[in-house]
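Written below as structure tokens is the structure these notes are about.
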Amino acid sequence: MTQNLKPQDREDPEKKLDLTKLKPYGDSMNDGKVQVSFTLPVKISLKAIEAAKYLAVKMGLRDPLVAHSQDLDNGFSFFIIYGELKHNIDYTNINVSAIDLEIMSLKEINNFIKKKFKRKLIVIGASTGTDAHTVGIDAIMNIKGYAGHYGLEGYEMIKAYNLGAQVSNEEFVKKAIEENADILLVSQTVTEKNIHVQNLTHLVDLLEAENIREGIILICGGARISNNLAKELGFDAGFGSGTSPEMVATFFVKEMDRRLNS
Amino acid sequence: MTQNLKPQDREDPEKKLDLTKLKPYGDSMNDGKVQVSFTLPVKISLKAIEAAKYLAVKMGLRDPLVAHSQDLDNGFSFFIIYGELKHNIDYTNINVSAIDLEIMSLKEINNFIKKKFKRKLIVIGASTGTDAHTVGIDAIMNIKGYAGHYGLEGYEMIKAYNLGAQVSNEEFVKKAIEENADILLVSQTVTEKNIHVQNLTHLVDLLEAENIREGIILICGGARISNNLAKELGFDAGFGSGTSPEMVATFFVKEMDRRLNS
Amino acid sequence: MIEKKKGDINQRSKLDLDQKKIESARKLANKIALKTQNVIEQYTTTSIERSVCRLLGIDGVDNYNVPLPNLVVDQVQRANKLEKGVALFIGNAMLSEQDSPQRIAGSISRGEIDITSLNFNDIDSIKRILINKSKERLNLIEKKSSQRQELLKKYGEKSGPYIYVIVATGNIYEDITQAKAAARQGADIIAVIRSTAQSLLDYVPYGATTEGFGGTFATQENFRLMRNALDEVSEELGRYIRLTNYCSGLCMPEIATMGALERLDVMLNDALYGILFRDINMKRTLIDQYFSRMINAYAGVIINTGEDNYLTTADAYENAHTVLASQFINEQFAFLTGLKEEQMGLGHAYEMDPSIENGFLYELAQAQMSREIFPKAPLKYMPPTKFKTGNIFKAHIQDALFNMITIITDQKIHLLGMLTEAIHTPFLSDRALSIENAKYIFRNLKNLGDEISFKKNGIIQKRAKEVLDKAYKLLEEVYSLGLFDTIERGIFAGISRNINGGKGIEGVIKKDVSYYNPFIDLMQKKLFRGDK
Amino acid sequence: MIEKKKGDINQRSKLDLDQKKIESARKLANKIALKTQNVIEQYTTTSIERSVCRLLGIDGVDNYNVPLPNLVVDQVQRANKLEKGVALFIGNAMLSEQDSPQRIAGSISRGEIDITSLNFNDIDSIKRILINKSKERLNLIEKKSSQRQELLKKYGEKSGPYIYVIVATGNIYEDITQAKAAARQGADIIAVIRSTAQSLLDYVPYGATTEGFGGTFATQENFRLMRNALDEVSEELGRYIRLTNYCSGLCMPEIATMGALERLDVMLNDALYGILFRDINMKRTLIDQYFSRMINAYAGVIINTGEDNYLTTADAYENAHTVLASQFINEQFAFLTGLKEEQMGLGHAYEMDPSIENGFLYELAQAQMSREIFPKAPLKYMPPTKFKTGNIFKAHIQDALFNMITIITDQKIHLLGMLTEAIHTPFLSDRALSIENAKYIFRNLKNLGDEISFKKNGIIQKRAKEVLDKAYKLLEEVYSLGLFDTIERGIFAGISRNINGGKGIEGVIKKDVSYYNPFIDLMQKKLFRGDK
Ligand code: B12
Ligand code: B12
Ligand SMILES: Cc1ncc(COP(=O)(O)O)c(C=O)c1O
Ligand SMILES: Cc1ncc(COP(=O)(O)O)c(C=O)c1O
């Protein structure tokens, strides 16, 4: 007969959430379940399946199950694998250089600028390099904005210039100097072969060469941009998918305030 | 202007297939691209996304991109990650205990049995333990077979008993002794919490306790069974998805021949 | 038998089905059911008697974890007196001992009393005390049922398909976590899958359980815990979340009883499942099914029948008509117990080999046909399972097609497919992805069903006609053979079972003329005459 | 303008569209195109002249990798004589030097000759030698075209949609690996995506290339290598695999030339794409488009227009009519160059926000409408892109719905969506999964389109009518404004461009009365009169 079990059994430490040893979750705490897929450039065979399994073991999967293998072409095989990850991480120790500000509203931002800086802020934005994707930068800058949020052009206390796409870093810096910009916004969508990293690094170099990097709040954004990456590349902040104009504006007015008034 | 490039550029060792350092393939040789997904038992946040990324790094992904994160419920978040695996494996060194036989046809198998053993072989099969899945064992044994291949019941030189499902190991062993079986076929489909491992191990123990393990060719099969696993558990062979009756029969007649005639 | 009136078919027939043939098929099915019913009513079973105990209020286990209902029934069976029904002995003991059924059962478990050897009181007094107790207990069930009605009134009924998902961690507390998450993600019905082979246990486990394989034990306490959790989340979401479990196997009527007492909303209830897939004796389970359906009917529970299962062993293209024939028979069996059409979640499944050309059209024909033939039934539609492989990406598409059929043909109880069907019982994320899949399709194709009609005599209409014709022929065959013979011949699911073989036959007992079960009478009066 | 006869619509209209309105819309579009054509014919461009060089056989690069056609045209432009067309100078030099265009270009590259300062021979002799050379070269193109016809005859044409996938590794050799794999998996058309921003280069790179971002450079050698590889795999599979590239941007007519010479089968060719998304000057690219479409027409190449792109920046529900209006205009522009309907892969796209209720019905309406209005055109249908996110599982379902619309409405050139659309250019496995998705849907729903009809005045029919009405109004507006003004006002894709702004305007040259381009004449005769 089955044993009776009481709620106390849930206290089993193996089955308790321990944030210092956070593990993936399939259907039970700490089961470590993960799904992996990849292609190997070898013909499908039992040996290829075994190879896929070994690679999964190297990734830290205990007992990996090759749930699916598929011939992609002579010489390529595709695998879908499930297994239990032996790795865990100390969640309490994770350091997100996240932009963790209370987001202000359009009105609050305008008031903040009026009160603190007593003038309009000058913002210049573009999708730089050979990148032709404008939808991201438009979402932040165009008055019609994005998902119901007005873009920066709609802010009374912001003078916004949206240069569009395919703007060379040189042109961009020239415009920044001409307009005496406070804030620069750079959008990057194409990231194949890390072309965005090259392009963003080049911009920082140019700004430094012109000796204007210090005086400017430099921000980048795009679907594959994270704040961590942005900081590594010498930007003040980076914003990814789902950014709203308010998020960016809150960041730069606070940052400006910090720089000027502290 | 672009540089001219000649086919020789393909000889770049970084871009060549090296079987001793086999890596996953996304769209270029050795790019190491893999896809991973898992759930973490924490609320969605930038910190959670960062945690997912770190776990991916622990798995050996360079530059992991959290392509998607999704709130599953207060306290659970789902992630889809792409990245470049730094691990590789020596493909030339992979050891598959694969059943790598030339598969014989029904006719060849019958002839082989006639010639070598001069009698019908006795095969008993079942889906054992509490497992109620019969489709797998039926595919191997029933005369109507599977995907156009006759099952073992259709072999002139095989006397096949299919005991069906939910057969206890005790009953199974009893029948094996009664019928003086040459070959035992065990099907296992349910594998949650490794119930199949327990059940298969128990069978081997019983057979050993009865002192008949040696005289029998012991084979298991099922969607999540591999030959490696089977051997670990003390079986002579294990067969996974897509097994045909001929594959199994080829194996056991050859194995029987090896045991008797060498 | 209830005949369908023309007006019942609120949707104009898109398939141009022969309405006369449907009517005749229904009549045949009714005759088949009646013929079987004659046999059924001559018998009781150990499990029916145990559920009489439970209905009378006996619950709990002894020191060896044996449930008290089992101990009580065992005592009567050992005395070879079960043919009279356990109720009379309990009623007699209640009179003699002036005690409650539960306390009498406690005495039995401690070996303090043998209720079969007590002097018999006046039969009318026995029946009177039993009827009083029974009414009191049935009131509890009615209360649960009204509570459901109130909650449904409070939150409002959902239009469109119910999204039905399973939880199967083996641990009721983990199941609760998963179930609540699923409800928040959009699920309307949570089914707690049972641990493998519970259907073969000839008793119901007791208490909260945390260890099961491929599912969690069905126990009354687990039912209660989960129903509470779902009530909480219903309140949070302002949406009534239904709870389902399996009322099949050797304890079918007991589980029906537990479910009635704990306000389960849907019960998988099908004798054929046990016969074909669990090798349970056919008489045992058909007899059990009769009593359990009556309980379900009484408790306002929707039953789900298991025709979908046939297609896991038989080919969906070749054997589609067996599903329809079985739906007709199941409908009649259900009517006989007092179940209303609105409680009949007749089963079918999307199980066509994905490599078949125009497979989607055949599935569409089948689903639309079920809808038109059983217009008021909340049909239970099962997802692709058999042809799922470890290719989770393809599996997700297979489920998308299935979701489409449901929204196009207006199925009601929609069991979501999982992209990992061929791999494991669902992860939290699998369920979330499947719910997202269904919600996306349901929203995006919302009115497609109203917008399209099918070509006269096209592939779809022809297919539906062909399936109906074949089902009709099969019903004729079943009628002439009888249901028991039909099963012996392996006509359903390609699996044949012997009338005297299978598990649980030792629990089938021919009723004596003196047999008495207070609940049958009371429930039937309410169900058929509307007595209060 | 070619008018549609009733009989052309081989499928009975499912949408009950107003045929008169369609006819009037077509007439309006014709007038719009003619009005623009008047302007177009007054100009040539540096890129047209460079393609005249290429057509005459000039190819290769100098030591700095500058293509010889650029050097030749630069020389003439520097002398301010491009208004006469480069051909006259080349023809003259051929006479004077008794040498081939290629060797003359070589001399120019080495600074050995200035073809603008040679004495002018008798104009008739110049034209005669040019016409001879041109005929000889056009013969080459015709041979390629017949070769395609022969191969198609040998392998047979595929019925049903062509499965179109892209390769974009940046490395032509890697592309070949991927393309062959894709063909074996079931692809019918391979498009080699160009490296980002190649459309802004005012020259065509040379030779085989192995470094590109988000795509591979379009070079004649890359075309040749890929066409060879696909011929190999076509032979292996017994199925003709088509090759596609982008014939847009600043080198539009040159790429058309290269494609004609290397037997490309399909060309993305749309001025609007360059104007709106690349900020290329509108005059420049419309003029270029005229000449390149003529070349495509001559070479039997199917063009794909870029209406789908509008919906990546404008909302698909609100702006569906801009797509239809543009298709009407593109059709007329194409007719003017001699393109046949069978070569017009007019573009549209599945880009409705997936959260819209009944979004699938609107997509169905749009696709069916395109099919009925352009019944002979091999419509090019683009997959969901804009609303794809990193959720690859959902993305795969979005693509499944898209695949359904294609099979239901009989689209011809079906560009497969990728589950990783929001992440990276396709991996080998992404493509395989997408092809599997499409093949599964196409097979499973094969005849669904023939089987269903739409409710009179239902959501679908109403939507199609509404879009047609709005498109008609827009065409009226465009006609009164003129195409240039329309673009200035941001009516397409919500993007506005200045008539004198944008890249490449410096390459637009007003033709002198003496302007001469032997190919226009020769091709037009063949295309419109069927001359040999
Ligand atoms: C629309 C689109 C196009 C349109 C662009 C039209 C236009 N005017 O922008 C067209 C059709 C022209 C196009 C062309 C190409 N595209 Co494109 N395109 C897309 C698509 C479908 C959607 C992008 C989009 O608009 N997203 C919506 C916006 C709102 O989101 P977002 O950009 O992420 O912006 C948000 C945040 O990131 C952030 N943000 C963005 N920028 C900034 C800047 C700052 C300062 C801040 C604070 C925030 C911020 O805020 C925004 C709002 O929340 C994506 C696929 C996809 N579904 O993502 C491919 C995609 C981006 N394209 C791609 C490619 C390769 C191309 C081409 C290069 C293909 C080719 N070789 O021909 C061409 C050429 C373009 C070029 N050289 O740049 C790839 C990029 C792959 C990669 N990882 O590098 C993608 C991912 C498709 C793919 N899988 O291949 N594309
Ligand atoms: C059909 C089916 C059922 C049918 C079974 C009918 C029957 N008579 O067999 C029914 C509906 C009864 C059923 C019930 C259950 N099922 Co079931 N079922 C499936 C399903 C859909 C298909 C399995 C199948 O038939 N495959 C086709 C056969 C031909 O393939 P195969 O078994 O792999 O066999 C091949 C090879 O493996 C090999 N082989 C197999 N055995 C042997 C033996 C030997 C000796 C050799 C050489 C080769 C060999 O050869 C065969 C031919 O190539 C799978 C999901 C799926 N798509 O895989 C779930 C699945 C197997 N079921 C599952 C579960 C959990 C159950 C239940 C326990 C659920 C519950 N709690 O109620 C119940 C109870 C069953 C029990 N106690 O065992 C899980 C198992 C999870 C796991 N990893 O443990 C699955 C994966 C579904 C899921 N995702 O939850 N099921
Ligand atoms: C009616 C019915 N009962 C029970 C079950 C399952 O389980 P078991 O027999 O393991 O309790 C199923 C499974 O599909 C079913 O359809
Ligand atoms: C007509 C056309 N040309 C060209 C391109 C792309 O590329 P690019 O401008 O980078 O060459 C597209 C992209 O969708 C297109 O539709």
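The sequence lines fix the lettering, A, B, ..., with proteins before strands; numbering per chain opens at 1.
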Side chain, backbone, both or neither: which part of D/Phe393 has a non-hydrogen atom closer than 4.5 Å to chain C? both

Please classify the contact between D/Met352 and chain C as side chain, backbone, both or neither, with a heavy-atom cut-off of under 4.5 Å. neither

Please evaluate residues C/Leu448 and D/Ile460 with respect to the criterion side-chain contact (heavy atoms from CB on, under 4.5 Å), reporting the C-alpha separation (whole Å), side-chain torsions for both, the decisive distance (0.1 Å), and the verdict. CA-CA 9 Å; C/Leu448 189 60; D/Ile460 295 171; 4.2 Å; yes

Please report the interatomic distance CD1(D/Ile452) to CD1(C/Ile408), rounded to the nearest 0.5 Å. 8.0 Å

I'd like to verify something: which residue of C/Gln461, C/Arg443, C/Lys455 has the highest number of heavy-atom pairs under 4.5 Å with chain D? C/Arg443

Kindly give the heavy-atom pair with the smallest separation between D/Ala400 and C/Ile397, and that separation in Å. CB-CD1, 3.7 Å

Main chain of D/Asn358, side chain of C/Asn447: is a donor-acceptor contact present, judged purely on distance under 3.5 Å? no

If you apply the rule side-chain contact (heavy atoms from CB on, under 4.5 Å), what do you find for D/Leu401 with C/Leu445, and how did you get there? CA-CA 10 Å; D/Leu401 293 186; C/Leu445 278 70; 4.3 Å; yes

C/Glu436 and D/Asn391: side-chain donor and acceptor closer than 3.5 Å? yes

Part of D/Ile356 lying under 4.5 Å from any heavy atom of chain C: backbone

Can you tell which part of C/Phe454 gets under 4.5 Å to a heavy atom of chain D, answering side chain, backbone, both or neither? both

Answer yes or no: is there a donor N or O on one side and an acceptor on the other, between the side chain of C/Glu451 and the main chain of D/Leu361, under 3.5 Å? no

Step-by-step side-chain contact (heavy atoms from CB on, under 4.5 Å) determination, C/Met404 to D/Met404: CA-CA 11 Å; C/Met404 287 189 154; D/Met404 287 189 152; 2.9 Å; yes

Against chain C, label D/Glu363 side chain, backbone, both or neither, depending on which of its atoms sit under 4.5 Å from a heavy atom there. neither

Taken to the nearest 0.5 Å, the spacing of D/Leu433 CG from C/His396 NE2 works out to 13.0 Å

Which atoms of D/Asn437 come close to chain C, meaning under 4.5 Å heavy atom to heavy atom: side chain ones, backbone ones, both, or neither? side chain

Can we say D/Lys446 and C/Glu357 salt-bridge, meaning some charged N sits less than 4.0 Å from an Asp/Glu carboxylate O? yes

